[in-house]
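Here's the structure we're looking at; comments come further down.
Below, all heavy atoms of this structure are taken into account, side chains as well, without hydrogens, waters or symmetry copies.
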Amino acid sequence: MGGLAAQTDGATLAASEAALRAWVFTAQPGARLTFATGQEPPRDQPIWSAVRAMVDMGLISMFSPRRPDGRGFDFVAHRLSSPVAIHDDASREARVFAEIERCVAIGEPMPTDRQLARRCGFGHADEASYALRKLKARTAGDRRICVINHGPLEHRQAIILSTGLTTIRRKFVVEAAHG
């Protein structure tokens, strides 16, 4: 992931938070990324919060083997198959919200209803659409997200209201017709 990003009190960062998010988006299960080295993990750096959030979502595991030279530790992210964080007994809304949080964490655009349905284990895109409507509802303080529609050529953008974090804005990829 390039050269060293920064030196902290207890660790040398080998990757930035942005580089980690980009890596998680493209890495195959089993891939590893050393994001820091040193005596202590970089707990005071944004990358540490990102690593902890991705561990909690089941996107990566983290381990810290001793360096071969015996001088501290390598702090390593290990890419898992995903999504892993959604359990079958969770409500539709919880599944969709967890998937949106996952997309925010790794820098993906908001999925279509069909993609949400597949990722959340629903039988039909209408189930994802219904869960989104409930997450956007203004009744009884249940509103958890806001969705911005940028038109038919771009992904929608979700804003998590409790944090202000958003999915990225991106145009749909149109595959060229073969023939």
Would you say that P152 contacts F172 through its side chain, given a criterion of any heavy-atom pair below 4.5 Å between the two side chains? no
Hey, quick one: are I100 and I159 part of the same hydrophobic cluster, counting side-chain heavy atoms closer than 4.5 Å, chains of contacts allowed? no
Flag side-chain contact, heavy atom, 4.5 Å: L80 against S61: yes
Under a 4.0 Å threshold between the charged nitrogen and the carboxylate oxygen, would R156 count as salt-bridged to D113? yes
How many angstroms lie between atom CG of D126 and atom CZ of R114, to the nearest 0.5 angstrom? 10.5 Å
Within one Ile-Leu-Val-Met-Phe-Trp-Tyr cluster: V147 and F122, side-chain cutoff 4.5 Å: yes
Any sub-3.5 Å donor-acceptor pair from Q157's side-chain atoms to I148's backbone N or O? no
Check: S91/R95 side-chain N/O donor and acceptor closer than 3.5 Å: no
If you round to the nearest 0.5 Å, how far is CE of M110 from CZ of R169? 14.5 Å
Linking I/L/V/M/F/W/Y whenever their side-chain heavy atoms sit closer than 4.5 Å, directly or via other members, would F73 and L13 fall into one cluster? yes
So does R119 pair up with E108, basic N to acidic O under 4.0 Å? yes
Closest non-hydrogen atom pair, I168 against G107: CD1-O, 3.1 Å
Please determine if D69 and R71 form a salt bridge, counting it only when a charged side-chain N lies under 4.0 Å from a carboxylate O. no
Decide yes or no for V51 and F75: does some side-chain heavy atom of the first lie under 4.5 Å from some side-chain heavy atom of the second? no
Is there a continuous path of hydrophobic side-chain contacts, each under 4.5 Å between heavy atoms, that joins L33 to V55? yes
R43: side-chain contact (heavy atoms from CB on, under 4.5 Å) partners, not counting sequence neighbours: E40, P41, W48
May I ask you to test the I60-R79 pair for a side-chain heavy-atom distance under 4.5 Å? yes
Considering non-hydrogen atoms only, spot the tightest contact between E99 and C120 and give its length. CB-SG, 4.0 Å
Are side-chain heavy atoms of R144 and L161 found at a separation under 4.5 Å? no
Should V76 and W23 be regarded as members of a common hydrophobic cluster, given that ILVMFWY residues are connected when their side-chain heavy atoms come within less than 4.5 Å of each other, either directly or indirectly? no
Is the shortest side-chain N to carboxylate O distance from R170 to E154 below 4.0 Å? no
Looking at every heavy atom in both S16 and I47, which two are closest together, and how far apart are they? O-CD1, 3.7 Å
Calculate, to the nearest 0.5 Å, the distance between atoms OG and CG belonging to S49 and D44 respectively. 9.5 Å
Here the pair of heavy atoms bringing P46 nearest to E17 is CB-OE1, 3.3 Å
CZ on R67 to CG on D74, rounded to 0.5 Å: 4.5 Å
Report yes or no: does H155 contribute a side-chain atom to a donor-acceptor pair with the main-chain N or O of P109 at less than 3.5 Å? no
One should read off an interatomic distance between L165 CG and I160 CD1, to the nearest 0.5 angstrom, of 6.0 Å
In this structure, CD1 of I145 is separated from OG1 of T166 (nearest 0.5 Å) by 12.5 Å
With no hydrogens and no angle check, is any side-chain donor or acceptor of E127 less than 3.5 Å from a backbone partner on H124? yes
